[in-house]
J.: 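Pasting in a structure now, in structure tokens, and then I'll have a few things to ask.
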Amino acid sequence: MARFRPYHIIIFGASGFTGQFVVEEVARTASEGPKGNLKWAVAGRNRTKLEKVVEQAAGALSKPELKSEVDILVADVSDPDSLAVMCKQAVIVLSCVGPYRFFGEPVVKSCVENGTHCIDISGEPQFLERMQLNYHDQAAEKGVYIVGSCGFDSIPADMGVIYTRDQFKGTLTSIESFLTASAGTEGGCIHDGTWQSAIYGLADGNKLRSLRKKFGHKPLPVVGAKIKRRGTLFYSNELQQYAIPFMGSDPSVVKRTQRFLNEELTESPVQYGAYVGVGGISNIFKLVFAGLMFFFLVKFSFGRNLLIKFPEFFSFGFFSKEGPTRKQMEGSSFRFIFHGEGYTEGSDPSEGKPNGKIRTLVKGPGTVFKSASYCGAFPLYGTTRLALRGSEYFPYPLYIYIYMYR
């Protein structure tokens with residue numbers, strides 16, 4: 001059914017901060033799709049803004065033909081009928097609307113109801129896991145793929161863990177990842193959409209724990225030595241700077257993938273810890289002060305409103321409503337270092353300490369938003385081919401990649 005629809009891809013929320021870069025990346029790589037004739041469109045609630053995004057992409061890529069080749073659809077999450085009309089025209093909807101806890105579910109619901117595959121770039125564990133709980137059975141029955149967190153959260157982490165495991169000669173039992181980001185001469189910041197997701201995520205921590213209980217999951221088996229958890233703030237010899245636990249969705253996404261590998265494919269699960277570098281002593285004082293204010297204010301509605309209204313003030317300029325400029329994004333970069341431990345071939349994981357180590361480096365240019373556009377656009381061609389097979393629901397970005405390359 002889906003293969004006869006007029007569009008392979010519709011980018012919904014295309015005029016948002018990250019959506020505009022997804023548009024550029026799809027426009028840049030469209031000729032690399034099946035037979036080089038990927039048919040795609042952009043969608044959102046404001047036609048004028050969408051026209052501006054397409055025009056911007058045409059200028060940035062020196063492709064004036066985009067303005068006539070890319071169709072524009074008007075759809076709004078508050079209007080289910082408009083979402084249904086949009087979904088019925090696409091094989092895949094790439095959802096760039098956030099925060100997803102407020103705007104994501106209507107898109108997922110409409111995609112499932114209309115037999116349309118859905119990919120998002122969410123980094124919100126509560127949203128991702130609620131969608132799995134609420135729509136897994138219906139999506140599986142209809143052969144619809146709902147693939148979450150196909151952005152900077154959490155493709156590098158999920159694929160980094162799998163790649164590292166596959167390179168290890170033996171049984172890899174634990175991995176720690178360390179993320180660092182660098183700004184160029186123009187400086188840098190992060191758009192406050194991520195800031196808002198963090199605010200609501202921490203405020204709803206109890207709801208997430210309650211949600212997870214509904215799955216009834218058994219604890220994953222621990223193979224080999226149990227991974228040692230780091231402190232709230234520590235000096236990382238791996239990074240040669242101070243680090244803190246990573247507050248994003250990477251740990252939960254990686255754990256979901258490891259659970260699937262263990263329960264469905266009977267593979268040995270890998271324990272995972274995620275951390276992010278915060279620099280030297282001067283940054284520590286800022287972090288402690290901002291952290292204390294953040295964790296206090298996030299508990300109250302008036303505090304959350306203050307945090308949302310003044311992201312630059314409460315984050316010392318790390319987050320802003322305007323987001324980074326193109327020059328700032330072009331000058332920035334990120335690095336993921338994965339340190340794994342395990343038992344070499346012939347060793348028994350049930351006896352003694354790990355006797356083997358492995359290190360993987362994943363790095364890339366651009367900020368998380370630019371990287372999210374690469375990740376969000378990249379799986380689409382593989383998913384289009386997947387759609388022709390009609391299979392079961394996979395809630396993890398990992399499996400789009402695995403099936404792409406088989």
Side-chain angles (χ1 to χ4, degrees), residues 123 125 152-154 156-158 160-161 164 174-192 194-195 197-199 201-202 205 225-255 270-299 307 310-320 324 328-329 331-341 354 357-369 371:
F152 190 79
D153 291 343
S154 294
D158 211 15
V161 168
T164 304
S174 66
I175 292 179
E176 291 181 314
S177 70
F178 298 85
L179 169 65
T180 56
S182 300
T185 56
E186 297 288 329
C189 64
I190 296 178
H191 189 265
D192 78 329
T194 302
W195 174 255
S197 294
I199 292 170
L202 285 173
K226 188 174 183 179
I227 191 172
K228 295 181 179 179
R229 299 300 176 184
R230 310 283 187 123
T232 303
L233 175 65
F234 62 95
Y235 186 80
S236 167
N237 292 321
E238 295 84 358
L239 297 177
Q240 294 295 299
Q241 61 178 273
Y242 287 94
I244 61 174
F246 183 65
M247 303 295 288
S249 61
D250 288 357
S252 61
V253 170
V254 169
K255 187 173 183 178
V270 178
Q271 303 170 71
Y272 178 63
Y275 305 96
V276 58
V278 295
I281 293 295
S282 61
N283 286 343
I284 296 301
F285 288 112
K286 292 180 181 179
L287 177 67
V288 170
F289 182 68
L292 289 174
M293 285 196 300
F294 187 91
F295 282 103
F296 173 75
L297 292 174
V298 80
K299 296 179 181 179
L307 290 170
F310 304 106
E312 295 92 340
F313 175 79
F314 288 107
S315 69
F316 290 96
F318 192 71
F319 294 91
S320 78
Q328 287 176 329
M329 286 188 285
S332 63
S333 62
F334 71 89
R335 290 164 58 95
F336 261 106
I337 301 175
F338 295 84
H339 286 270
E341 290 190 347
K357 295 183 178 182
I358 188 171
R359 180 181 183 272
T360 300
L361 173 63
V362 176
K363 61 181 180 179
T367 61
V368 295
F369 297 104
S371 301

J.: Could I get the full list of salt bridge (charged side-chain N to carboxylate O under 4.0 Å, His left out) partners for Glu312, not counting sequence neighbours?
T.: none

J.: Are side-chain N/O atoms of Ser236 and Tyr275 paired as donor and acceptor at under 3.5 Å?
T.: no

J.: Looking at CG of Leu233 and OH of Tyr235, how far apart are the two atoms once the value is rounded to the nearest 0.5 Å?
T.: 12.0 Å

J.: Measuring only between side-chain heavy atoms, which start at C-beta, is Leu179 closer than 4.5 Å to Arg335?
T.: no

J.: Check step by step if side chain to side chain contact (heavy atoms under 4.5 Å, CB included) holds for Val276 and Phe178.
T.: CA-CA 5 Å; Val276 58; Phe178 298 85; over 6 Å; no

J.: Between Phe338 and Phe336, does the ring centroid distance fall short of 6.0 Å?
T.: yes

J.: Tell me, do Phe334 and Thr180 make a side-chain contact under 4.5 Å, heavy atoms counted?
T.: no

J.: Shortest non-hydrogen contact from Gly273 to Arg229?
T.: CA-NH1, 3.5 Å

J.: Cut-off 3.5 Å, no hydrogens considered: what does the side-chain donor-acceptor table look like for residues 278-290, sequence neighbours left out?
T.:
| from | atom 1 | to | atom 2 | distance (Å) |
| --- | --- | --- | --- | --- |
| Asn283 | ND2 | Val278 | O | 3.0 |

J.: Could you name each residue pair satisfying side-chain hydrogen bond (donor to acceptor under 3.5 Å, both in side chains) that touches residues 244-255, not counting sequence neighbours?
T.: Ser154-Ser249, Ser154-Asp250

J.: With the side chain counted from C-beta on, respond yes when Phe294 and Leu202 share a heavy-atom pair under 4.5 Å apart, and no when they do not.
T.: yes

J.: Roughly how far, to the nearest 0.5 Å, is CE of Met293 from CZ of Phe316?
T.: 5.5 Å

J.: Working to the nearest 0.5 Å, report the span between CD1 of Ile175 and CD1 of Ile337.
T.: 13.5 Å

J.: Distance from His339 atom NE2 to Arg359 atom CZ, nearest 0.5 Å?
T.: 5.0 Å

J.: Please report the shortest heavy-atom distance between Leu307 and Ile199, naming the atom on each side.
T.: CB-CD1, 3.6 Å

J.: Going through the checks in order, is the side chain to side chain contact (heavy atoms under 4.5 Å, CB included) test met by Phe314 and Leu297?
T.: CA-CA 10 Å; Phe314 288 107; Leu297 292 174; 3.5 Å; yes

J.: Can any side-chain N or O of Gln271 pair as donor or acceptor with the backbone N or O of Ile227 at less than 3.5 Å?
T.: yes

J.: Under 3.5 Å, is there a donor-acceptor pair between the side chain of Tyr272 and the main chain of Val254?
T.: no

J.: Charged N to carboxylate O below 4.0 Å: is that the case for Glu238 and Lys357?
T.: no

J.: Please determine whether the number of non-hydrogen atoms from other residues, nucleotides or ligands lying under 6.0 Å from atom CZ of Phe246 exceeds 12.
T.: yes

